[in-house]
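Keep in mind that this is a model prediction, so the values were computed, not measured.
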Amino acid sequence: MSVPRPAAVIVLAAGEGTRMKSQTPKVLHELCGRALVDHMLAAARDLGPERLIVVIGHALEQVGGHLAATSPDARAVVQREQRGTGHAVRTVLEEVGTIAGTVLVTYGDVPLLRTRTLAALLERHAADGNAVTVLTAEVPDPTGYGRIVRDDSGAVLEIVEEKDATPAQRAIREMNSGIYAFDGELLADAVKRVSTDNAQGEEYLTDVLAILRGDGHRVGAHVADDHVEVEGVNDRVQLAAARKVLNRRLLEEHMRAGVTIIDPDSTWIDVGVRIAPDVVVHPGTQLHGATVVGSGAEIGPGTTLTATRVGERATVRNAVCDHADVGPEASVGPYAYLRPGTVLKHKAKAGTFVEMKNATVGERSKVPHLTYAGDATIGDDVNIGASTVFVNYDGVNKHHTTVRDGAFVGCDTMLVAPVTVHDGAYTAAGSVITDEVPPGAIGVARARQRNIGKWVLRRRAGTKSAAAAERALAEREQQENQQ
Ligand code: UD1
Ligand code: CA
């Protein structure tokens, strides 16, 4: 059966989430690269609802600002005072008017909920012709949840909140997920009739079930296959548990699509990361944001990539890369830090203890050891010697350095920007290059060496160095005498 398209999805997210003990509103806490509420919105969006509505209240500016920026298709409705889940829905319907068709109500803090579970709820709702269908689950410990009260035939009678439940009702293990499919017109009428006559003095949305049933309408339930999906996040312990579940799900999707993940327990991959088949991900790797990895690449161990593109058959080991572009067959690390604006072309190398920022490294060019390259354009087939520094900052401004094709920069060169080393030019090891080096020239910019004979014997007499020098000098003298 095809899934009926809901007229609206209403996401309740006005509550404070006090148990997070956080300056950040609960629904904005991050989980696998997305805010909690955005996970719910993504699942809701996949149902193709005509309207997407989010009820906000606590931390209005922050949550409202986030939604405006990330979900312009969602309408935010403000619930100034949080007087209960029923009040939240009533506030929406007073603002937008009665919604004809199926209205799905859900929460902003159930990030593990899958679209297919919501679809199954909608299917059941339509197939049974219900006025309301509640998504429920059998849980090992229902403490804190509303309980689903059924009659002997199994028909749903009502939902009772824990605080209002009798001991017998508390023993029920079928919990209310808080997620429902409603007939919009019946909901609009019933939600106005919800009282506050309960232990918490709130307008309970759960009461709508008994009201509709009392009116003679069909009330049903759909039991979720996996109770973990419908469990919300209320504190950071549950947040960590949810992160583990969601991460595992994402890793399994990647593995089934052909990605080798050596150690799923130490690998963390955000929603939205794209990995081609035959990529190998080694232990201790985190892939964040809009990271894209090409086929045959090897990532890790100990690597964190954020919004980084890695080309086919590239290797990235023990590296931190942020908004970098690593070309095909390029090599990064071990122990490299590629900051925003780094571009490694085909077969380029950023080796050990190398940091780059806003730097392009041309094809086959190598920056193998101990180098800082900031604000640089490096051509093709260039070799940058160990300990080279692109001196880009004069204390006030940043300047650019260009090293053209085929250049060879000697070890320990300071390239004081702005400066250009032209095609095929060399720099002598230990040079401080402040002026351009013409094509094919060698730039030598260092003091000529002078030796002060027997200085150590005079100035460091009695040291091991002096003793070693004396022995060597005596040997030399002997050899000279023999000749
Ligand atoms: C609610 C259900 C309970 C269910 C549980 C599942 C009611 C009366 N109870 O209880 O049966 O087992 O969810 O988690 O509905 N919210 C608003 N405005 C409000 C009140 C709440 O937007 O005025 C939002 C909250 O931000 C939260 C959600 O609604 O996302 C649930 O609210 P919460 O107070 O956590 O309800 P529970 O007491 O847990
Ligand atoms: Ca809750």
Practice item. Assess whether side-chain contact (heavy atoms from CB on, under 4.5 Å) is satisfied between Val89 and Phe182, documenting all intermediate values. Key: CA-CA 11 Å; Val89 171; Phe182 289 102; 5.9 Å; no
Practice item. Any chance you could lay out the side-chain contact (heavy atoms from CB on, under 4.5 Å) test for Val132 and Asp183, step after step, and finish with the verdict? Key: CA-CA 6 Å; Val132 54; Asp183 174 284; over 6 Å; no
**Study point:** Trace of the side chain to side chain donor-acceptor pair (under 3.5 Å) decision for His58 with Gln82
**Key:** CA-CA 8 Å; His58 175 75; Gln82 285 78 63; 5.6 Å; no
Review point. Checking side chain to side chain donor-acceptor pair (under 3.5 Å) for the pair His66/Gln62: CA distance, chi angles, key distance, verdict?
Key: CA-CA 6 Å; His66 173 86; Gln62 253 179 298; over 6 Å; no
Practice item. Run the numbers on Thr196 and Arg83 for side chain to side chain donor-acceptor pair (under 3.5 Å), then give the verdict. Key: CA-CA 9 Å; Thr196 54; Arg83 303 201 323 240; over 6 Å; no
Exercise for review: Decide yes or no on side-chain contact (heavy atoms from CB on, under 4.5 Å) for Thr206 and Thr85, but give the supporting numbers first.
Suggested key: CA-CA 8 Å; Thr206 47; Thr85 47; 5.6 Å; no
Review point. Step by step, would you call Glu329 with His346 a side chain to side chain donor-acceptor pair (under 3.5 Å)?
Key: CA-CA 6 Å; Glu329 295 178 72; His346 184 224; 3.2 Å; yes
Practice item. Assess whether side-chain contact (heavy atoms from CB on, under 4.5 Å) is satisfied between Arg249 and Leu112, documenting all intermediate values. Key: CA-CA 10 Å; Arg249 244 192 231 171; Leu112 299 179; 3.7 Å; yes
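Between Glu252 and Arg248 there is a salt bridge, since at least one side-chain N of the basic residue sits less than 4.0 Å from a carboxylate O of the acidic one. A salt bridge does not link Arg218 with Asp128: every distance from a Lys NZ or Arg NE/NH1/NH2 to an Asp or Glu carboxylate oxygen is 4.0 Å or more. Glu229 and Arg114 are joined by a salt bridge, as a carboxylate oxygen and a charged side-chain nitrogen come within less than 4.0 angstrom of each other. Checked for salt-bridge contact, Asp375 and Lys398 miss the test: no charged N lies under 4.0 Å from a carboxylate O. Contact check on Arg213 versus Glu158 returns no salt bridge, with no Lys/Arg side-chain nitrogen under 4.0 Å from an Asp/Glu carboxylate oxygen. Between Asp322 and Arg339, none of the side-chain N atoms (NZ, or NE/NH1/NH2) sits under 4.0 Å from a carboxylate O, so this pair counts as no salt bridge. A salt bridge between Glu298 and Arg313 is absent, with no side-chain N of the basic residue lying under 4.0 Å from a carboxylate O of the acidic one. Classification of Asp73 and Arg51 as a salt-bridged pair fails, no side-chain N sitting under 4.0 Å from a carboxylate O. Salt-bridge check for Arg147 with Glu161: failed, with every basic side-chain N at 4.0 Å or more from each acidic carboxylate O. Salt-bridge formation is not detected for the pair Glu30/Arg34: no Lys NZ or Arg NE/NH1/NH2 atom is positioned less than 4.0 Å from an Asp or Glu carboxylate oxygen.
At least one side-chain heavy atom of Leu121 sits less than 4.5 Å from a side-chain heavy atom of Leu104. Between Lys163 and Asn198, the closest side-chain pair of non-hydrogen atoms is not below 4.5 Å. Using a 4.5 Å cut-off on side-chain heavy atoms (C-beta onward), Val110 and Ser177 make no contact. In this structure, His87 and Glu202 have side chains that are not in contact, with every pair of non-hydrogen atoms separated by 4.5 Å or more. Inter-residue side-chain proximity for Thr291 and Arg274 is flagged as unmet; no heavy-atom pair is nearer than 4.5 Å. Using a 4.5 Å heavy-atom threshold, the side chains of Val354 and Met356 count as touching. Counting heavy atoms from C-beta outward, Val389 and Thr371 have side chains that stay 4.5 Å or more apart. In this structure the side chain of Trp268 reaches within 4.5 angstrom of the side chain of Arg243, judged on heavy atoms.
A distance-only check finds a donor-acceptor pair linking the side chain of Gln169 to the backbone of Thr166 [under 3.5 Å]. Asp215 contributes no side-chain N or O that, together with a main-chain N or O of His217, makes up a donor-acceptor pair within less than 3.5 Å. Formation of a donor-acceptor pair under 3.5 Å by the Thr303 side chain with backbone atoms of Asn318 is found in this model. Side chain of Asn130 to main chain of His125: no donor-acceptor pair is present (N/O by atom type, distance under 3.5 Å, no hydrogens or angles). Remark: the backbone N or O of Pro6 is not paired with any side-chain donor or acceptor of Thr102 at under 3.5 angstrom. Using a distance-only test at 3.5 Å, with no hydrogens or angles considered, no donor-acceptor pair links the side chain of Gln238 to the main chain of Val233. In this structure a side-chain-to-backbone donor-acceptor pair under 3.5 Å is present from Arg5 to Gly48.
Across all their heavy atoms, Thr133 and His222 have their closest contact at CG2-N, 4.0 Å. Counting all heavy atoms, side chain and backbone alike, Leu60 lies closest to Arg80 at CD2-NH1, 3.5 Å. Residues Val382 and Ser365 approach most closely at N-OG, 2.8 Å, considering heavy atoms. Pairing each heavy atom of Ala221 with each of Val156, the nearest pair is CB-CG2, 3.6 Å.
Each of Leu118, Thr117, Thr136 was evaluated against Ile179; a single residue qualifies, Leu118, per the side chain to side chain contact (heavy atoms under 4.5 Å, CB included) test.
Enclosure of atom CZ in Arg90 by more than 12 non-hydrogen atoms of other residues, nucleotides or ligands within 6.0 angstrom is indicated. By the 6.0 Å contact criterion, CZ on Arg193 is enclosed, its count of non-hydrogen atoms from other residues, nucleotides or ligands being greater than 12. At most 12 non-hydrogen atoms from other residues, nucleotides or ligands lie less than 6.0 angstrom from CZ of Arg116.
A donor atom on one side chain and an acceptor atom on the other are not found under 3.5 Å apart for His323 and Thr308. Using modelled atom types and a 3.5 Å distance limit, the side chains of Asp270 and His288 yield a donor-acceptor pair.
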